[in-house]
Structures are given as structure tokens and as C-alpha cells.
Undergrad: 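Here it is, the structure in full.
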Amino acid sequence: MRSRIPLLATLTLAASLLAVPPAQAVDYPFQNPSLPLEQRVNDLLGRLTLDEKLSLLHQSQAAIPRLGIAYHKNGTEALHGVAWSNHLNDNWRQKFANGTVFPQAVGLASTWDPELMKKVGSAVGDEVRGFNDADPILWGLQVWAPVVDPLRDPRAGRNEEGYSEDPLLTGAMATAYGKGLQGDDPFYLKAAPVLKHYLGYNNETNRSLTSSNLTPKLKREYYEQGFKAAISADAATGVMASYNLVNGRPAHVNPDLNTVVRSWTDKTLYNVSDAWGPHALTDLQKYFDNKPEAFAAVLKSGQDSFTIDDSNSGPLVTNLKAALEQGRITEADVDNAVRHALSIRTRLGHFDPDGGPYKKITKDVINSPANQKLNRETAGKAAVLLKNSGVLPLAKPKSAAVVGPLSAKLYRDWYSGQMPYQVTPLDGIKERVGDVATGEGLERIALKHLASGKYISATGTGPDDNAGLIDTAPTAASQWDLTDWTGGVSTLRNAGNGKLLGGDWRSLDTDDAEPDGWFVQQQFALERQPDGSYLIRYAGYENVEGWYGLPDPYVTVTADGALALAPKAEAAKFGKEVVSDGIAAAAAQAAKAEVAVVVVGSHPFVSGREFHDRPNLQLGDGQRRLIEAVRKANPKTVVVLETSYPVVVDAPTLLWTTHAGAETGHAVSDVLFGDVNPAGRLTQTWPASDNLPSILDYDLAKTGMTYLYGKSKPLYSFGHGLSYTTFGYQGLQVRGDKVSVKVTNTGKVMGDEVVQLYTHQQQSRFKQPVKQLRGFQRITLNPGETRTVTFQLKKQDLAAWDYTRNKWIVENATHDVLVGSASDRIRQTTTLRVSGETVPVRDLAKTTRAMDFDDYSGVFFADESKVSGEVVEGSAGDWISFTGASWRSRLTASVASVNGGSVELRLGSPTGTLLGTLQAPATGGIYQYATANATVKAGTGNLYLVFKGDLRIKDFALAR
């Protein structure tokens, strides 16, 4: 159980932090709501001491009683409902909310319904205010949501936090949710949403050390777009920097935070660091030599709030004062960031005598009946019917078998609060069917140590009750219910005490009821050996930490017979004995029932989550065998798949939902029985296999990831989803900037269709997506009803990033216009001729950035300096190329190299005709640039720069 600050102490602390002297309530201009924002902010800024200013750059902002300013803390998590916040004195002690938990973010986006999304955001914003009303110290009004990272790889551990692999859909959903969180007042904010995580962040493995190689084209056209859409629509008040590096520079000192991001709006933005991110610059990434240097760089890059050192702003103030003394920053830099903080706090009503218009929202809104109803509606609209053999909708069966590890249990995730109540799939079906049989469908096993003949046994439920080799014949204490989740990782629940086996740092115990916490220690993988025995790999999350010192740990037996964890070479061998076969029992129940519903899927804390990617997308072996056994026993089987991400699994009738909150069971039963006609659509491609490129390769155009560039047939395509009715499409027309199509419900029941507009540019100077989403509408049609659906498609919507001239352009080209119900189910097509530019032949006589290449191989995109700029870094055999170019005979290049190197210029290919060689001098460091010259053969065509030694190229020109 989590320790908490005593109630009396909390109330006393709150009273001192929130105290506002009555005599000062309306004494200052910054407290006057009738004055302009800028005037109020400047007035307050001018009254602050330097120490007070610096303290406002921290996540946890102490009260300033002399000015009547109360305590404020940034960072309430509100991704799909109010989730958690940190205690005042300890950021590792989360306080979880007990309110409405909506479907996970990837599920919210599966509704393809921005209007509904705004309602959800508004409900969450209300509850943020409600929790703030209950405890303003704990629950701040700046919320860290939504997550806008594009879901370009489903193995990424944080897949459930994002919306889509498509930038337009991501931006639309982020905008709607953010608008809802903020409220509709033109000035005041209900809550202040912050977009996570800027930029190019989609892997958890070594997330603070890996650099996302982003080409200029994909950076502009793909990775920035979700952020740009929400910021441009004034649906967010800032962005959070990500943990990774981008093109060699830590994202926490990315200058784009201050330039590019702020250019998208004329509103004041308040950007924040991620937890511990500024410390990582020195402690982990070793990018800077000391804290003052690092913290100064964070501030100057455009971040206004440091999430470090729990609630203690002292180290921040000390380091920024040192940076001021050293001349790394000025007080003007500090004032600039403080203005951003004060601007948002003013709009939150912090300085108004009455707290602003949203102050009237009280804790009564938390988990209100209206929010419960909205939750059920949203979960139903998010469900995606992947396949249907004709079993659905269910026609009032008299009996049902509802089985599977998720049939009678709902789980929260790391970014959700606690559910005040639970309606499981079993509960929902029981409300409709009189005779329901159920079971988890798990194998109950015993694990026999082959060397000693003894079984792994639980000894109690306390933290010091270590499991050991005790029983010589299986008893309840030595029997375990095995749940194979995903990625080959399982949990083992003891039959005797109901607790999970866990790795208590180096020993094993059974003191936890569920996988939970940051270091989820209840994870194991049973690895079958050629001789039929098993090794038990410990998959607890702490095993990747450097301080843990035991990578790839396995269960072993010590000399005194105790269980421990050790390297694989010391792993003990175990026999797996099936004591009772829950899979067979579930199949027997299914055989007797009119219908069977198998509820399987993922656990949000197991086999992938923040800080841990997934090794593969496989559903657990036990769950796959359960599906097959029940299907064989009863052809009228429905598989309900509840996951946070795509998995490789198939069944004739398959309904997918995310972990959808307290109303999951009602929503699932609403769809199964036809009260809700499913119209959820997938927001990311479900690959057909695990044969995927490296998760660290961010170049979609090369890897073929996402529907935009993928050419292989997936298991399920982007935009896919079935209905209980059918729809016809007729009369696609393009007139001016309007695209219209008639859609008819050709079935027998009312239903929703998600009409999707795509385009493909037939001719281009640049590589283009296979197709790209340009618009979508979710519409409701009665049987026989026809509606004309109209999209606006502006010429500028078809713009591409021209990296040869560093600007957005619309090319002179013909575009395919494609309308359908999924990216692979196009129902109507036409073409559109667009009058635009023709990109001229590339003149390399002009100074050209090396980063503005057309193609590359092996190179690394690197930081030109620790402040700004990007360069290409290569080693022997790496190359960059420039297509359709002309050049002259005199090469001048800006290069950096520790020991010197060379670059060959070749025609047509990396091994083509040698045109000349550039010798790069040793410059003494990677940030020390020198000018190198060479004579080459002039010409036209495709030019390749082939590295023959380690060096960096900033730019070059091939002139006379």
C-alpha cells in the first residue's frame, strides 16, 4: 500500500500554501480581471524578486504570501481521465485519482469522432477542476495531455498513449481533446493542456540515449504535424520536451521549442520539461559538463518549467543563479520564461479575486452520472469490429459461455486513475443472458525443480515471505494460474493465496495482487528447452536498469536450496506440470452454451509500457490456444480482444477494444447484442507478422512503416472496421476546393460510416506516400438513407516540403482522389489536376546543406553545435546523394573531423564514376569546422558523396 502524507499535515500545509491575505485581495493591477493580459503579467513580473522569479520556473511553485499568490503545481496527468499527480514532497509517490476513466487514447481516436472527443476532453477538464476543488495542492490545473507522438511502430511501449500513425487524424483528435480540456471561454482556461512529447519520440529502449534520425522532409510533413495542428488551433498551451535526442541533440535543448513551435500561434505558450529531463543532460547523456550550463541551455531553448527534484526548487534556483553569474543567461531570459508561466496562470484564474469562471466547478462533477453515460457511449463508439463470420450481432441467446483472462476483470494503465466501479464483459453479458457459465481459461501448473524434485511454493503474502522449493508434491501453495499475456511474458498467480509471484529485487515472493508500480516485478517467461524442460526468465522491468547489475536474469537455486535470480548460465531447469486445464474446461463450457465469448488481450502493465518496448506483437500462447479450443467446441464463438496495441491474432469473429475504463463491459455487450452498431476504425496498421524493421529507424519512407509508405499486405489496414449494415458510395465529384460523394445505407439497420478521403500525387520531384488521409467524417444513416458528404480540400493541403529550397510548395501534378471506408477499401476514385510549381534542377553551385540530401545510407544526422544546426556525419562506405543536380568543378565544403577523413564524389551511384576526392583536415573536434577544397569534374545528374573516413559535413558548394 502506498504511504501518504497524514491528513492533518496535508490540511495544515495546504492552509499555509494557499493563504491569501484579505487586505491584498484586490490591491494590485495583476489581480484586476478587466486589464489586458500583458498588463497584468508585466505588473506581477515587476513585483517579483529574482529568487521568486526563479522559483516560478519549477514544476512546484511555492506560494508568495506577500502578493497573495497561492501554491501551484504543474503536471496533473489527464490522458483519458484524471490519472495521477505527485505528492508535494515526493514525486515518486503518486496519488491516483478515483474518477471517470475513459478508453485509452488510442481507443478514443478509434471513434474518428472529433465532436465526441471534445465532449470527453470537456468532461475530463471538469473533473480536473473537481479534483482541484477537493485538493488544490495535489491537483494542479496544468495537465500533461494529450500525447501527440505519432504511432509509427506498434511495438513502442507507449502505444496506448497516442492517437494514430496518421498526422491529420492525430492532429484532429488532439485539437478536439485539447479544446474540451480548455473550455469554451475566449480567455480563461478550464485546464491548461500540454502536448507530449516533442519530438520524434516513439521508442522506450534506451530512450534517453537514442537519437531519432529525422530527415527534413519527414520532420516537417510527419513528425511535427500533430503538434502543429493543435498549437495552430489554440487547443494547447505548450509542449513537453521528449527524453530522446533528435538528430544528435537532446530534445530538451531543441531550439525548435522556441522558434518553430512558437511560430505556430500568436498566443503565449508555456513549455515544460519531462520529469528529470534537464538532469539527464549531464547525468545520463553527458551532453553538458555541468548543471548551470545545462540548465541555461534548457531555458534558452524555449522551456519555461523544470520538472526536477520533486517539489524542491532549491537546486534549480542555485544552478540558474550560477548560470546568471557566469553570463550563460540574462535576467531577461528569466523574465521571458516567467512571463509565459504567469500568462497561463492568469488565464487559469489564479490571480482573479474570484478564481475565474471555472472556479465554480466543484468535486461533485467527479464520476458524475453524465460522465459515466458519456464513458459508455465513447467505449461503444471506439470498439472496432475486425471480422464477422455472421455470428454478430447476437440474437438473444438463452445461454452463453464467457471465458478468458479478461472476461471478469478490468485493468487501469500507468496513465489512468483508479476506477470507482467496474462493469466487466461478464457483467455486461449477464445483464442480457440468463444462463452464463464463466472461467478464466487458464492452465493451473506446478513448477518442479528437476534436480531436487521439489516445487516452487509460496510461503505467505508478506514482503519477507520468500517463495522457495518446499513441496515434494503439488499443494495449493505450489500451484500457479498461468496467464500468458503478450510477447511471451506471463504472470503466475498462486492458487493458495491468490497473490502473484514476483521478483523482490533478487528473491521471489507473493505479496502483490496485481502487476503495478514503476518496476513491475510480477513478470516471467517460461522458456521451453529442447529436452522439454523449462528455464524461467525474470522479466521485471528493473532488469534493464544499469544499477540492477543483472541483465537477462533467470530463476536459479542457491546452494542452500533457496530461489534467487542469476545469469542464464546459472538458470535452474524446471518441469511444467499441468494440474488442471482451464482451457479444456472453458471449451467444455462453450460446447454446452448457445454462444461463446472469449475475452483475451493484453495487460497494460505487462510486456511493454513506458520505458519498455515490446519484443513482438504476439498474443500469448495460452490465450491463442484458448481461442482455438473454444472455437472448435462452439462455432458460434466471438473473440473480444482487449489490448493497448496491435497483436498478431486472427479469428472468424473478432471485436477489438482498448482497455476502455469502468464501462467496458456495458460497451462490449452493447456492441455484441446490436444496441450499438460498431463503427470504430483502426488508427494504425496491424502488421501481419513480427518481421518489422528496427524500432530505432524513424525513416518511414525507407522502412515502409505505416499505411503512408507500406506496400505489404497487413493483417488489418489503417482505417479498417466493419459494421452490421452495408454502405454504398456513388457520384464522387471534385469541384473547386470541395470533394463530395454520396453515401447510402444499403443494409437493414441504422449505422455509422466513417467516410475517409485520401489522395495520392502521381508525379513528384520527391518521394510521395502511397496514399494520405486528407479528411474524414463519421455519419449516421438510417436504412435506405443517402447523404452527400462534402470535404474541403484546399490546394495548400497538398503541399510538400521542398528541401531543395527549404519551403512548402504545391507541385504541378495530377492527384488521385480516393474515397472509401478504409485505406485498403477505396470505393470511389477520380483525379484532380493541380496547377503548381515545377521544382527546378538543383544547382549545387549554390551553398547546399548536407542535410538537404535526396537519399542516404548509413549516415547519422548530427548536431552542428550544442545550440543549433544539423549536419551529416558519416564513416567509411556511408553516403548521401543529390538527385537531378548540376554542379561545377570547384568544391568547397565546411567539415569537422577529429582525425581527418575524405569524401569521394561519384556520378550515378555510390560506386559510379569518380569525379574527385575531398580531403578533410583534422579539425580537433566534432564542433570545430574548417573549409576544405577540391577540384572535381563538372556535370549534371545524380551526385553521390561517399564517406571514406569519419567526418561531419555541414554544407558545400560546387562552383567555379
Side-chain angles (χ1 to χ4, degrees), residues 380 383-408 424-443 484 580-601 618-643 646-657 664-665 667-680 682 686 688 715-716 720-726 747-749 751:
V384 181
L385 184 59
L386 296 175
K387 292 184 74 172
N388 189 7
S389 63
V391 173
L392 293 178
L394 299 176
K396 297 182 179 179
K398 295 180 179 179
S399 63
V402 183
V403 298
L406 288 164
S407 60
T424 68
L426 176 63
D427 295 330
I429 293 170
K430 275 186 172 181
E431 291 178 5
R432 299 168 181 265
V433 181
D435 182 7
V436 177
T438 189
E440 293 180 289
L442 304 178
E443 288 181 331
D484 296 327
S580 61
D581 190 347
I583 293 175
Q589 290 175 320
K592 297 175 184 178
E594 188 176 336
V595 298
V597 180
V598 185
V599 191
V600 295
Q618 293 295 326
L619 187 65
D621 176 68
Q623 296 195 71
R624 292 199 305 270
R625 289 188 286 114
L626 175 64
I627 293 171
E628 293 306 311
V630 174
R631 278 186 53 212
K632 186 176 181 181
N634 189 333
K636 294 183 71 173
T637 292
V638 179
V639 177
V640 177
L641 181 64
E642 188 177 338
T643 68
V647 295
V648 180
V649 65
D650 206 2
T653 302
L654 184 59
L655 178 71
W656 175 74
T657 175
T664 297
V668 166
S669 62
D670 287 344
V671 174
L672 295 183
F673 290 90
D675 292 347
V676 170
N677 191 343
L682 296 181
W686 284 39
L715 183 63
Y716 299 109
H720 172 76
L722 304 180
S723 172
Y724 295 151
T725 189
T726 55
K748 298 180 179 180
V749 296

Undergrad: Find out whether Leu655 and Val639 are in side-chain contact, i.e. whether some heavy atom of one side chain is under 4.5 Å from a heavy atom of the other.
TA: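 Not touching, per the 4.5 Å side-chain cut-off.
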Undergrad: Under the side-chain contact (heavy atoms from CB on, under 4.5 Å) criterion, do Val638 and Val595 qualify, and how do the steps go?
TA: CA-CA 8 Å; Val638 179; Val595 298; over 6 Å; no
Undergrad: Do the side chain of Ser399 and the main chain of Asp435 share a donor and acceptor less than 3.5 angstrom apart?
TA: no
Undergrad: Would you find a donor on one side and an acceptor on the other, under 3.5 Å apart, between the side chain of Thr657 and the backbone of Ala383?
TA: no
Undergrad: Of the non-hydrogen atoms in Ala667 and Gly380, which two are nearest, and what is the gap between them?
TA: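 Shortest heavy-atom contact: CB-N, 3.4 Å.
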Undergrad: Show the nearest heavy-atom pair for residues Pro405 and Leu626, with the distance to one decimal.
TA: CD-CD2, 4.1 Å
Undergrad: Could you walk me through whether Thr424 and Thr664 pass the side-chain contact (heavy atoms from CB on, under 4.5 Å) check?
TA: CA-CA 6 Å; Thr424 68; Thr664 297; over 6 Å; no
Undergrad: Considering all heavy atoms of both residues, which atom of Ala596 and which atom of Val630 are nearest to each other, and what is their separation?
TA: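 Smallest heavy-atom distance, with atoms named: CB-CG1, 3.6 Å.
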Undergrad: Could you list the residues that satisfy side-chain hydrogen bond (donor to acceptor under 3.5 Å, both in side chains) with Asn388, not counting sequence neighbours?
TA: none
Undergrad: About how many Å separate CG of Leu426 and OG of Ser669, when rounded to the nearest 0.5 Å?
TA: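 The OG atom of Ser669 sits 11.0 Å away from the CG atom of Leu426.
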Undergrad: Hey, are Lys430 and Asp427 close enough for a salt bridge, meaning a charged N less than 4.0 Å from a carboxylate O?
TA: no
Undergrad: Locate the shortest heavy-atom distance separating Thr725 from Lys748; write the atom from each residue and the value.
TA: OG1-N, 3.8 Å
Undergrad: Return yes if some donor-acceptor pair links the side-chain N/O of Arg624 with the main-chain N/O of Val649 below 3.5 Å, else return no.
TA: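 Side chain of Arg624 to backbone of Val649: no pair is present.
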Undergrad: Any sub-3.5 Å donor-acceptor pair from Asn677's side-chain atoms to Tyr724's backbone N or O?
TA: yes
Undergrad: Side chains of Ser407 and Thr438, heavy atoms from C-beta outward: is any pair under 4.5 Å?
TA: yes
Undergrad: Not counting sequence neighbours, which residues clear salt bridge (charged side-chain N to carboxylate O under 4.0 Å, His left out) with Asp484? List them please.
TA: none
Undergrad: Does Trp686 reach the side chain of Trp656, with side-chain heavy atoms less than 4.5 Å apart?
TA: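 Answer yes - side chains close enough.
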Undergrad: Which pair of heavy atoms, one from His720 and one from Val384, lies closest together, and at what distance?
TA: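 Heavy-atom minimum between the residues: O-CG1, 3.5 Å.
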Undergrad: What is the distance from atom CG of Leu722 to atom CG of Leu385, rounded to the nearest 0.5 Å?
TA: 5.0 Å
Undergrad: Look up atom NZ in Lys632 and atom CD1 in Ile627, then write down how far apart they are to the nearest 0.5 Å.
TA: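 So the NZ of Lys632 and the CD1 of Ile627 are separated by 15.5 Å.
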Undergrad: Please evaluate residues Leu386 and Leu682 with respect to the criterion side-chain contact (heavy atoms from CB on, under 4.5 Å), reporting the C-alpha separation (whole Å), side-chain torsions for both, the decisive distance (0.1 Å), and the verdict.
TA: CA-CA 9 Å; Leu386 296 175; Leu682 296 181; 3.8 Å; yes
Undergrad: Where do Ala629 and Ala587 come nearest, in terms of heavy atoms and distance?
TA: O-CB, 3.7 Å
Undergrad: Side-chain contact test, heavy atoms from C-beta onward, threshold under 4.5 Å: evaluate it for Thr637 versus Thr653 and give yes or no.
TA: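 No, too far: nothing below the 4.5 Å cut-off.
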Undergrad: So, are Arg625 and Glu628 salt-bridged, with charged N and O less than 4.0 Å apart?
TA: no
Undergrad: Pro678 versus Leu392: any side-chain heavy-atom pair under 4.5 Å?
TA: no
Undergrad: Assess whether side-chain contact (heavy atoms from CB on, under 4.5 Å) is satisfied between Val647 and Gln623, documenting all intermediate values.
TA: CA-CA 12 Å; Val647 295; Gln623 296 195 71; over 6 Å; no
Undergrad: Just grab all the side chain to side chain donor-acceptor pair (under 3.5 Å) pairs involving residues 584-595, residues at least two apart or on different chains.
TA: none
Undergrad: Using atom types as modelled and distance alone, determine if a side-chain donor or acceptor of Asp670 lies under 3.5 Å from a backbone N or O of Val676.
TA: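 It does not hold such a pair.
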